[in-house]
Amino acid sequence: MSTPERRKPFPFDQFEPKWQRVWDDRATFHVANPGEPGFDASRPKFYVLDMFPYPSGAGLHVGHPEGYTATDIIGRAKKRQGFNVLHPMGWDAFGLPAEQYAIKTGQHPRVTIAANVAHFKGQLQRIGFGYDWQREVNTTDPGYYRWTQWIFLQLYNAWCNPATGRAEPIETYRGDDPDSVRLAYVSGAPVNWCPELGTVLANEEVIDGRSEVGGHPVERRSMRQWMLRITAFAQRLIDDLGTLDWPDSIKLHQRNWIGRSEGAEVHFQVADATGTITVFTTRPDTLYGATYMVLAPEHRLVDVLVTEEQATAIETYREKTARKSDLDRTELAKEKTGVWTGAFAINPVNGQRIPIWIADYVLPGYGTGAIMAVPAHDERDWEFARKFGLPIREVVSPTPTLGLGGSGVCEAEPLECFVGEGYAIHSGPLDGLPTAEAKAEITRRLEADGLGRKTIIYKLRDWLFSRQRYWGEPFPILWENGKHRALDASELPVVPPDLEDFKPTGTPEPPLSKAKDWLRYSPSASSSSSASPRTKEGEAEAEADTHSNATRESNTMPQWAGSCWYYLRYIDSQNAGRFVGAEAEKYWMNVDLYVGGTEHAVLHLLYARFWHKALFDLGHVSTPEPFQRLVNQGLILGEDGQKMSKSRGNVVNPDDVILEYGADALRCYEMFMGPLEQTKPWSMTGVEGIYRFLARVWRLAMEENQAGEWTVSAAVQEIETPRDIAKVVAATVKKVTEDIEALAFNTALSQMMICCNALTGATVRPAAAIRTLLGVLNPFAPHLTEELWERLGGNALLAGEPWPAYDPALLIEDEVELPVQVNGKLRDKIVVKKDAPAAEIEAAALAAPNVKPHTDGKTIKKIVVVPGRLVNIVAV
RNA sequence: GCCGGCGUGGCGGAAUGGCAGACGCGAUGGACUCAAAAUCCAUUAUCCGCAAGGGUGUGUGGGUUCGAGUCCCACCGCCGGCACCA
């Protein structure tokens, strides 16, 4: 049995779809570009951007509408405040999750994505978001990824000139191996291979040795892969964070990820042989304390150095290391392991012979893959030295006096490891110098003697940019005789073959390699729509002959490729001749406000900055950074305070909320829960609270007649607003306007509740006051306010009406109530004229009935009068 | 271990160094109703008190200040991130 339909306190189910249709039909939120009809150059621009969703099969969850409602409120308010507002939406639809969903459902990703996009779009439209749908983008449209491929070509055909620190066309490179400097290049270095996902992954996609998607183990493996030279931009990516209005936590995260370290390279001569080992250290001042060296097991010199006696032990250890996953290798609190190579090096500053070890606590990918070990002043080296009985030599003293006069002779071994800064001891010419000076001095000396130099290194690695999956952008690259070359821009887009079996092969061989016909490149067939002008029939044939052995790159781009530049495509989404029109780009960039989750801190948000900088250097965009202001919405937890998940059964589906309470209630509740950036739990009774508020607003203006029809209430009259109501309304306009600017939507709503409560209490309700309240409530509850606006006689859409103004004079009281404290404790309140002199206020305060008992028999030492705030009497 | 962030009623939360607990939820009482739902009104930090009023109170302990939830120091707890980065 189904329960009878419960009567709705206001007919949101009727008017919400109605207004959504009106906004759609009239393209209310479409905004024109410069040069287009309807463009108003007199208005300032505002570009407000959401992180576009991944159209997964699960549909929207309540986390999406949180950020989306915030930007929608800003966008709607700014539009009414006289801005040209760009507020677009689109679909990030390439990549692993889409492909996995397709595999699960047994349908082609193209089909599932189309269905999911339609589903998502319907859901977003039912929430009433004011997007400019004419600018909708989908990263899997050929008309979109054509330009993703084009940008890849720009990177391929560019290098970062060390002289200028800028990306430049590869033509300006004067060396003899351009392939060694391109921003997009091929590398055979070890990569993160995830057997379960059947693809390699970027460092940013690997967390604790497992894949970010799915949490599968990741191993290291040498494979030929495409890389993007993001490291060339490391310093600028750090420096320019200073110009951005981003949360400190995200800036810090990016800074730590890039991981700049200042120090020195030091060259150690190998004893009894030729060759040097270069180490990186941030503490060159401890060089005299280096008592052994450690190479990463993978270090290429290990084979050269190892002595016959140690060869077996070394080989065994190296094999063991190779078998370890990243997970095992970085495991917590693990005991140090290592093996001596049998070889020695010479400490360049004191000539000491120090043994060379290998150990897996030295990582091949950081610094030079080799360290000088200073056990007295480094925790790891300390631990290692203790375990293997290696000498420990103290060369830094925490206090300046302790070590003074210390000779170069090694003293007794210290009792504990000291990693802090102090004063050099047992360090020859450095003795007595504070750490900072000792660093500078030893570096100067090393440089003078050609034994080393000052160096800055970064943790950031180049971006592993290829994947062995089907559902991604193909590379605009051909292979010929073992060499790669770029396709011409005129041959884009490179459309992937329509594979029946698009599953990963489970081997490093990408699925696209199964498409034999597609792989074989023939220029005439490649460029369907936009064949280059010079390609005539005969020439095409000739070329086909020339390149008969050319094959296409069969890897695809990672899911981050499309999202690296989508904010640019929105600006000019239909442009068939350029990735974004220059004039439009100049007008709309930068993004004024970008709202999204923190999960992309060192993924999308770093990658997009990198691409943008490259495009900026090459003259394709006009600003060095894409996103001026970034705000992270907080996570919404389930009603039980736990993260929402299917297994916990605490997932809230926005569709259900809309069905029962309406879109306006969903929007307002998500904003009323608490500060936007905070993590907060869902509460269904909280939704009901907001729903009741919206019903009260409805009943301010409407009443139900005998027939059960809603008509404008008789209490609503076109009269002049009484002063007390006018005051509340003015205060509400002020607070809501300011709170929207500050993204403090929860307090804006509470002020509107206060305003509504004040109007509910009035027997006669001035129509003008209600209209003003509707005006400021509109961005939050657009359907309800639009409906009431019309019922109260509005002809045009409220969405296009100017933002309400208020008379500041109304907010200035003639008389003010001041709390009176005695020794900081509240005792009474007095009412005084707004601009009463201090003496008068003091007298009134002292005379207040509840003040007297607390001052009697005491000496008044001081009276603090804070005008308009309070009075504090200090009595002892 | 390191780096962030946060600790306020039964709950979500509010508070430019100036009346702690706005607003909402929940709860209690009342009105309306045959009754219920819905709605409206009132109360709602805590202790003493019939009341007026008073004591206590923003994780703990100190400090600065006429005045501290807010600023400073130390500690405790929770959440998030990073983690052998030389």
Side-chain angles (χ1 to χ4, degrees), chain A residues 6-9 207-208 247-253 255-257 259-261 263 279-283 286 294 296 329-334 336 359-363 365-374 377-381 383-384 419 457-460 598-599 601-602 634-635 639 641 668-669 672-675 677-690 692-693 695-696 699 744 746-754 756-757 760-761 817-829 849-850 853-854 861-866 868-875:
Chain A
R6 204 173 72 180
R7 181 115 177 79
K8 307 257 190 287
I207 297 165
D208 294 337
D248 287 338
S249 59
I250 298 279
K251 289 190 188 182
L252 197 73
H253 197 171
R255 247 183 230 116
N256 290 344
W257 187 262
R260 178 194 155 102
S261 268
V279 303
F280 172 78
T281 177
T282 54
R283 291 295 298 270
T286 62
V294 186
R329 188 154 171 178
T330 60
E331 206 181 324
L332 265 168
K334 195 192 53 171
K336 297 275 179 293
D360 67 0
Y361 82 92
V362 174
L363 307 172
Y366 184 72
T368 61
I371 63 159
M372 63 177 210
V374 185
H377 304 292
D378 181 283
E379 297 273 9
R380 297 150 299 181
D381 298 344
E383 209 184 303
F384 193 81
V419 298
I457 62 166
Y458 301 89
K459 275 198 273 187
L460 185 70
T598 55
E599 66 272 22
V602 293
L635 197 66
E639 202 123 9
C668 290
Y669 174 65
F672 189 62
M673 291 172 81
E677 303 189 57
Q678 192 171 303
T679 301
K680 48 218 176 250
W682 187 268
S683 159
M684 237 17 165
T685 52
V687 179
E688 281 176 30
I690 272 289
R692 279 201 283 267
F693 159 65
R696 275 204 303 280
R699 286 195 309 272
N746 53 334
T747 48
L749 276 160
S750 72
Q751 180 62 41
M752 290 188 277
M753 289 173 178
I754 291 170
C756 174
N757 291 345
T760 303
E817 190 189 57
L818 289 184
V820 182
Q821 298 179 341
V822 179
N823 296 331
K825 277 197 190 339
L826 178 69
R827 295 302 177 184
D828 209 341
K829 292 178 184 185
N850 282 327
H854 297 280
K861 286 193 67 177
K862 190 174 176 183
I863 300 178
V864 182
V865 176
V866 185
R869 276 290 175 192
L870 57 42
V871 183
N872 189 17
I873 300 167
V874 187

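Within every chain, numbering begins at 1; the chains are lettered A, B, ... in the order of the sequence lines, protein sequences first and strands thereafter.
Considering only the side chain of A/Lys825, B/U56 comes nearest among B/C66, B/C19, B/U56. The side chain of A/Arg696 lies closest to B/C40 when the candidates are B/A86, B/C3, B/C40. Of all nucleotides listed (B/A14, B/G24, B/G53), B/G53 comes nearest to the side chain of A/Asn850. With distances taken from any side-chain atom of A/Leu252 to the nucleotides B/G4, B/A86, B/A22, the minimum falls on B/G4. Looking at the side chain of A/Met753, the nearest of the listed nucleotides B/G53, B/C23, B/A86 is B/C23. In the set B/A86, B/A22, B/G54, the nucleotide with an atom closest to the side chain of A/Phe280 is B/A86.
Listed pair A/Asn872 / B/C19 fails the phosphate criterion, with no side-chain N or O lying under 4.0 Å from OP1 or OP2. The side chain of A/Asn746 contributes no N or O atom lying less than 4.0 Å from OP1 or OP2 of B/G24. Between A/Gln678 and the phosphate of B/C6, there is no side-chain N or O to OP1/OP2 separation shorter than 4.0 Å. Neither OP1 nor OP2 of B/A86 sits under 4.0 Å from any side-chain N or O of A/His377. Taking 4.0 angstrom as the limit, A/Thr679 places none of its side-chain polar atoms (N or O) nearer than this to OP1 or OP2 of B/C79. At the phosphate of B/C25, OP1 or OP2 sits under 4.0 Å from a side-chain N or O atom of A/Arg692. Close to B/C82, at under 4.0 Å from its OP1 or OP2, lies no side-chain N or O of A/Arg255.
Remark: side-chain polar atoms of A/Asp828 are not paired, donor with acceptor, to backbone N or O of A/Val820 under 3.5 angstrom. Within the 3.5 Å criterion, the main-chain N or O of A/Met684 finds no donor-acceptor partner in the side chain of A/Tyr669.
Heavy atoms of A/Arg827 sit under 4.0 angstrom from primed sugar atoms or phosphate atoms, though from no base atom. Residue A/Leu870 is in base contact, counting any heavy-atom pair closer than 4.0 Å across all strands shown. Using a 4.0 Å heavy-atom distance criterion, A/Val874 is classed as a sugar-phosphate-only contact. Nucleic acid contact class of A/Asp381 (heavy atoms, under 4.0 Å, all strands): none. A/Asn256 comes within contact range of no nucleotide atom at all, as no heavy-atom separation falls under 4.0 Å. A/Asp248 comes within contact range of no nucleotide atom at all, as no heavy-atom separation falls under 4.0 Å. Using a 4.0 Å heavy-atom cutoff across all strands shown, A/Thr685 reaches sugar-phosphate atoms only and no base atom. Among the protein residues, A/Pro675 comes within range of the sugar-phosphate backbone only, with heavy atoms under 4.0 Å from sugar or phosphate atoms but none that close to a base. Using a 4.0 Å heavy-atom distance criterion, A/Asn823 is classed as making no nucleic acid contact.
A straight line from CH2 of A/Trp257 to C1' of B/C82 spans 9 Å, rounded to a whole angstrom. Taking atom CH2 of residue A/Trp682 and atom P of nucleotide B/G24, one finds them 19 Å apart after rounding to whole Å. The separation between A/His253 atom NE2 and B/G5 atom C1' is 14 Å, rounded to whole Å. Across the protein-nucleic acid pair, A/Ile863 atom CD1 and B/G67 atom C1' stand 15 Å apart, rounded to whole Å. When the P atom of B/C25 is taken as reference, atom CZ of A/Phe672 falls 8 Å away, rounded to whole Å. For the pair A/Leu749 CG and B/C25 C1', the interatomic distance rounds to 15 Å; values are reported in whole Å. The CZ atom of A/Arg260 sits 17 Å away from the C1' atom of B/A86 (whole-angstrom rounding). In this structure, A/Glu677 atom CD and B/C6 atom C1' are separated by 13 Å, rounded to whole Å.
The base-pairing partner of B/A27, taking Watson-Crick or G-U wobble contacts with both distances under 3.5 Å, is B/U43. Partner assigned to B/C78 is B/G5, using Watson-Crick or G-U wobble distances below 3.5 angstrom. Under the Watson-Crick and G-U wobble criteria, each requiring two contacts below 3.5 Å, nucleotide B/G69 is left unpaired. Within the shown strands, nothing qualifies as a pairing partner of B/C32 under the Watson-Crick or G-U definition with both distances less than 3.5 Å.
Ranked by how close their nearest RNA chain B nucleotide is to the 5' end, A/Gln821 and A/Met673 are led by A/Met673. Of the two residues contacting RNA chain B, namely A/Arg869 and A/Pro681, the nearest-nucleotide position lying further toward the 5' end is that of A/Pro681.
The same atom, P, is picked in B/C32 and in B/C41; the two are 15 Å apart, to the nearest Å.
Side-chain atoms of A/Lys829 and base atoms of B/C19 include a donor and an acceptor less than 3.5 Å apart.
In this structure B/G9 sits in the syn conformation; its chi angle is within 90° of 0.
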